[in-house]
Student: 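Here it is: the structure, laid out below.
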Amino acid sequence: MRFMTLNKLPNMDLSWLEVLENEFTKPYMLNLREFLIKEKVNKKTIFPSTEKTFASLKMTPLNDVKLVILGQDPYHGLGQANGLAFSVERQTKIPPSLMNIYKEIKEDTKQIPPNHGDLTFWAKQGVLLLNSVLTVEKGLAASHANKGWEVFTDKIIEILNQKTNLVFLLWGSYAQKKGSIIESTRHKILHAPHPSPLSAHRGFFGSKHFSKANDYLIMVGKTPIRWTEEEGN
């Protein structure tokens with residue numbers, strides 16, 4: 001691997017490194033790297049931590065991906081972001097959008113969601129929790145937008161689109177625009193408003209995306225997602 005992120009190899013699964021290696025030598029990514037280095041030099045606090053920037057690509061290898069949930073950028077509060085879209089560190093209070101996701105899961109599937117917001121157990125089942133932008137400055141939402149991350153994650157979606165029989169959950173106009181290149185003839189695409197308290201009542205609640213996703217996975221011969229955490233995990 002020729003690219004070093006803040007002097008380290010990107011902490012992602014080898015399956016992703018192999019298909020994304022060329023991205024790390026392109027001008028947009030080199031500029032992004034320089035931006036992140038300068039932010040660190042200027043004592044800016046960046047979330048998530050460097051080792052978790054690519055957590056979604058570390059925990060869910062390319063060939064294991066069954067379902068994709070697209071987010072926008074990481075949470076910008078202290079102790080929240082863990083590199084997975086909509087997910088937070090285990091000890092952190094569950095954010096409102098994730099609370100609404102859990103509410104819909106319970107109503108839709110009758111499964112009892114966990115009492116924490118760490119979605120690692122989804123990622124390990126093949127749910128790629130991908131934010132469009134992978135870093136953010138503490139306290140400043142969208143502060144790393146338009147720095148290059150969007151190009152990188154567009155490439156990830158392009159790679160995923162080349163596969164077949166994946167499920168994409170596109171919540172809100174941002175995710176739907178981001179996922180516009182996905183071919184509905186190859187994949188199951190489910191649209192709904194964002195689960196934010198501002199929009200969840202406009203159609204996210206009652207969308208039944210979680211049962212619909214599992215119905216599709218079963219239909220194409222894949223193991224459905226367990227939306228609740230097994231005891232002891």
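Hydrogens, waters and symmetry mates play no part in the numbers below; they use all other heavy atoms, side chains included.
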Student: Just how far is it from atom CH2 of W227 to atom CD1 of I105, taken to the nearest 0.5 Å?
Tutor: 6.0 Å

Student: Got L166 and L128 here, is their nearest side-chain heavy-atom distance under 4.5 Å?
Tutor: no

Student: Pairs in or reaching into residues 62-84: which pass ring pair (Phe, Tyr, Trp, His ring centres under 6.0 Å), with residues at least two apart or in two chains?
Tutor: none

Student: Has the side chain of S15 got a donor or acceptor atom that lies under 3.5 Å from a matching backbone atom of L62?
Tutor: yes

Student: Using modelled atom types only, decide if a donor and an acceptor are shared between the side chain of E89 and the backbone of D118 within a distance under 3.5 Å.
Tutor: no

Student: Quick one: closest heavy-atom pair of Y174 and G71, and the distance?
Tutor: CE2-O, 4.3 Å

Student: Kindly give the cluster partners of L78, where membership spreads through any ILVMFWY side chain lying under 4.5 Å from a current member.
Tutor: F47, V136

Student: Please tell me if the side chains of P197 and S97 come closer than 4.5 Å, counting only heavy atoms from C-beta onward.
Tutor: yes

Student: For S87, which residues count as a side-chain hydrogen bond (donor to acceptor under 3.5 Å, both in side chains) partner, sequence neighbours excluded?
Tutor: N82

Student: So do the side chains of F204 and I101 get within less than 4.5 Å of each other, counting heavy atoms only?
Tutor: yes

Student: Using the test side chain to side chain contact (heavy atoms under 4.5 Å, CB included), find all partners of D154 that sit at least two apart in sequence or belong to another chain.
Tutor: K178

Student: Should L134 and L140 be counted in the same cluster of Ile, Leu, Val, Met, Phe, Trp and Tyr side chains packed under 4.5 Å apart?
Tutor: no

Student: Parallel, tilted or perpendicular, judged at 30° and 60°: which one describes the rings of H194 and F86?
Tutor: tilted

Student: Heavy-atom distance under 4.5 Å between the side chains of V133 and K147, does that happen here?
Tutor: no

Student: When you group the ILVMFWY residues by side-chain heavy-atom contacts below 4.5 Å and let the links chain together, are Y28 and L17 in the same group?
Tutor: yes

Student: Do E150 and N146 have side-chain heavy atoms sitting under 4.5 Å apart?
Tutor: yes

Student: Which of parallel (below 30°), tilted (30 to 60°) and perpendicular (above 60°) describes W171 and H209?
Tutor: parallel

Student: Considering residues at least two apart in sequence or located in another chain, which fulfil the side chain to side chain contact (heavy atoms under 4.5 Å, CB included) criterion with L20?
Tutor: M12, W16, E23, F24, L57, F152, K155, I156, I159

Student: More than 12 heavy atoms of other residues, nucleotides or ligands under 6.0 Å from CD of Q111: yes or no?
Tutor: yes

Student: In terms of hydrophobic clustering (I, L, V, M, F, W, Y; side-chain heavy atoms under 4.5 Å; direct or indirect links), are I218 and L67 co-clustered?
Tutor: no

Student: Of all residues at least two apart in sequence or in a different chain, which pass the side chain to side chain contact (heavy atoms under 4.5 Å, CB included) check with K44?
Tutor: E39, N42, I46, E137

Student: May I ask you to check whether over 12 heavy atoms, not counting those of K222, lie within 6.0 Å of atom NZ?
Tutor: yes

Student: Begin from the C-alpha positions of N63 and K163 and carry the test side chain to side chain contact (heavy atoms under 4.5 Å, CB included) through to its verdict.
Tutor: CA-CA 9 Å; N63 291 333; K163 297 171 73 68; 3.8 Å; yes

Student: Begin from the C-alpha positions of V151 and K26 and carry the test side chain to side chain contact (heavy atoms under 4.5 Å, CB included) through to its verdict.
Tutor: CA-CA 11 Å; V151 180; K26 292 181 179 179; over 6 Å; no

Student: Under 4.5 Å between side-chain heavy atoms, hopping through other hydrophobics if needed: is there a path connecting W149 to V19?
Tutor: yes

Student: State yes or no: do V127 and I112 share one hydrophobic cluster built from I, L, V, M, F, W and Y residues joined by side-chain heavy-atom distances below 4.5 Å, directly or via other members?
Tutor: no

Student: Does atom NZ (K110) have a neighbourhood of more than 12 heavy atoms from anything else shown, all under 6.0 Å?
Tutor: yes

Student: Can you find a pair of side-chain heavy atoms, one from I69 and one from L119, that are under 4.5 Å apart?
Tutor: no

Student: May I ask you to test the F205-E107 pair for a side-chain heavy-atom distance under 4.5 Å?
Tutor: no

Student: So among Q91, K93, E229, which one has a side-chain hydrogen bond (donor to acceptor under 3.5 Å, both in side chains) with H116?
Tutor: E229

Student: May I ask you to test the T60-W122 pair for a side-chain heavy-atom distance under 4.5 Å?
Tutor: no

